[in-house]
Protein chains: 2
Amino acid sequence: MEIETTRRAPLGRPRGFDADEALERAMMVFWEQGYEGASLTDLTSAMGITRKSMYAAFGNKETLFRKALERYTEGPATYAARALEKPNAREVATAFLAGSVNTTTRPGRPAGCLGVQGSLAAGDSGRVAQDALIAWREDGRIRLRHRFQQAVDEGDLPSDADPDLLARYLMTVANGIAVQAVGGASRSELQQVADAALRNWPPL
Amino acid sequence: MEIETTRRAPLGRPRGFDADEALERAMMVFWEQGYEGASLTDLTSAMGITRKSMYAAFGNKETLFRKALERYTEGPATYAARALEKPNAREVATAFLAGSVNTTTRPGRPAGCLGVQGSLAAGDSGRVAQDALIAWREDGRIRLRHRFQQAVDEGDLPSDADPDLLARYLMTVANGIAVQAVGGASRSELQQVADAALRNWPPL
DNA sequence: AGATTTAGATACCGATCGGTGCAGAAAGAG
DNA sequence: CTCTTTCTGCACCGATCGGTATCTAAATCT
């Protein structure tokens, strides 16, 4: 008897939709409406599949949201990871805010940031998603802090610079940009704000 | 027949609860949970009254929210109006951000800003509240802009200063502070951020 | 007192929420 | 072809949503 056979095509009728595409659509709905604001009807109709197929493919609403958040991180929000790779602290900060402006105001996409939407107010049912987003933002802040610590170690930033403060300052401005974007601020307006925030970099 | 009689005590059984106090409690619930996240059950149990009394006294959930927002403006958010009365632009900006930090991180009160909570993500039922909050923030931004225009006219700010940019910059930082506060940032951390944001004031 | 008006409590309304059960169709393996 | 498995579509579940009807009790007027 062969316990360890090579994995052939999965048995039974194969999935009739593109799971990646469906997840992309779900991400857009969450981005626009938040976790609680996006109903299963909203989600599945945007994904083009039925409730049953969604549950079979993604588990439930919460895991769907987590997968959508992952996709967001690797998709629209990759600007953050790329900014961290810039050669010095000033370029990191500049790229981070420019990416934030770009992503929160790109035409044809929801305004604002998925990581901020729906993470402020929440009823009982949205508490887990709120916590996940708070953790997501904190993770980003910590990565920035490490990067700036590295910059201090390398002599790129002055030795009395405060990596924690610099990271929080940048995150605060980026979060504010996301709020402004939902309120209808234009890309050029927000880029001016980002430029202003960096005019005294580092703000010691 | 007396059409215009002096208004005596209102007929019938007088109200058995303090409407002001009830509104205060409702404001706190909206502040913490947002418009959609706050259910009628949450609200009325916090207010200590029944659904019927709430509808009789405040109309419906939407008008209750609007009145709670008014109360917030005149209560926890008066720092904004007071900041506008400062004698010069730098003091306006400093007081505005300091008030923002204070209000969003005061112990015993919900973290964050009622004007930002629940205004980012919204399902269909929360759209009107979302619009009301966007308008509320825009109103604050416009008041700041007018104040800075006045500062330019008076020579308090340089003639090439951009009141629109300055107002939007301040609002962006304040909104970001509100997001950070919900994420658990402490008062002193956020005050450091506010100080950093003002280190190059005005950011021309 | 008697009339009037509202407070308060309870039960209820239709609609929608996230999540399932079921039946039939469809695609693979043999 | 048959058998097995998973697909899809639809009806349905209990719970909760915002909002209301009903009834009794209480308070202030004439």
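Here is how names work: the chains are called A, B, and so on, in the same order as the sequence lines, proteins then strands, and each is numbered from 1.
In the interface, the side chain of Arg51(A) is not paired with the base of dG9(D) through any donor and acceptor atom under 3.5 Å apart.
Between Ser53(B) and dG8(C) there is a side-chain N or O to OP1 or OP2 distance below 4.0 Å.
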N/O contacts under 3.5 Å, protein versus nucleotides 22-25 of chain D?
none

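Each salt bridge (Lys or Arg N to Asp or Glu O under 4.0 Å) pair with one or both residues in residues 39-66 of chain A, not counting sequence neighbours, appears once here: Glu62(A)-Arg66(A).
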Please output the side-chain donor-acceptor pairs of residues 81-88 of chain B that fall under 3.5 Å, not counting sequence neighbours, one pair per line with the distance.
unit_1   : atom_1 : unit_2   : atom_2 : d
Asn88(B) : OD1    : Arg90(B) : N      : 3.1
Asn88(B) : OD1    : Glu91(B) : N      : 3.0
Asn88(B) : ND2    : Glu91(B) : OE2    : 3.1

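Taking Arg145(B) as the reference, Asp164(B) meet the salt bridge (charged side-chain N to carboxylate O under 4.0 Å, His left out) condition, with sequence neighbours excluded. Contacts of Glu70(A) classified as salt bridge (charged side-chain N to carboxylate O under 4.0 Å, His left out), with partners at least two apart in sequence or in another chain: none. For Glu32(A), the salt bridge (charged side-chain N to carboxylate O under 4.0 Å, His left out) criterion is met by no residue, not counting sequence neighbours. Residues meeting the ring-ring contact (aromatic ring centres under 6.0 Å, His included) test with Phe148(A), sequence neighbours left out: Trp201(A). Evaluation of the salt bridge (charged side-chain N to carboxylate O under 4.0 Å, His left out) rule for Glu24(A) yields Arg71(A) as partners, not counting sequence neighbours.
What separates CE of Met54(B) from P of dA7(C) is a distance of 13 Å, to the nearest Å. Here dC17(C) presents its P atom at 16 Å from CG of Leu64(A), a figure rounded to the nearest Å.
When distances are taken from the side chain of Phe17(B) to each of dG18(D), dG8(C), dT20(C), the shortest belongs to dG8(C).
Counting only distance, with no hydrogens or angles, the side chain of Glu36(B) and the backbone of Gly126(B) share a donor-acceptor pair below 3.5 Å.
Of the residues in residues 28-50 of chain B, those lying under 4.0 Å from DNA chain C by heavy-atom distance are Thr50(B).
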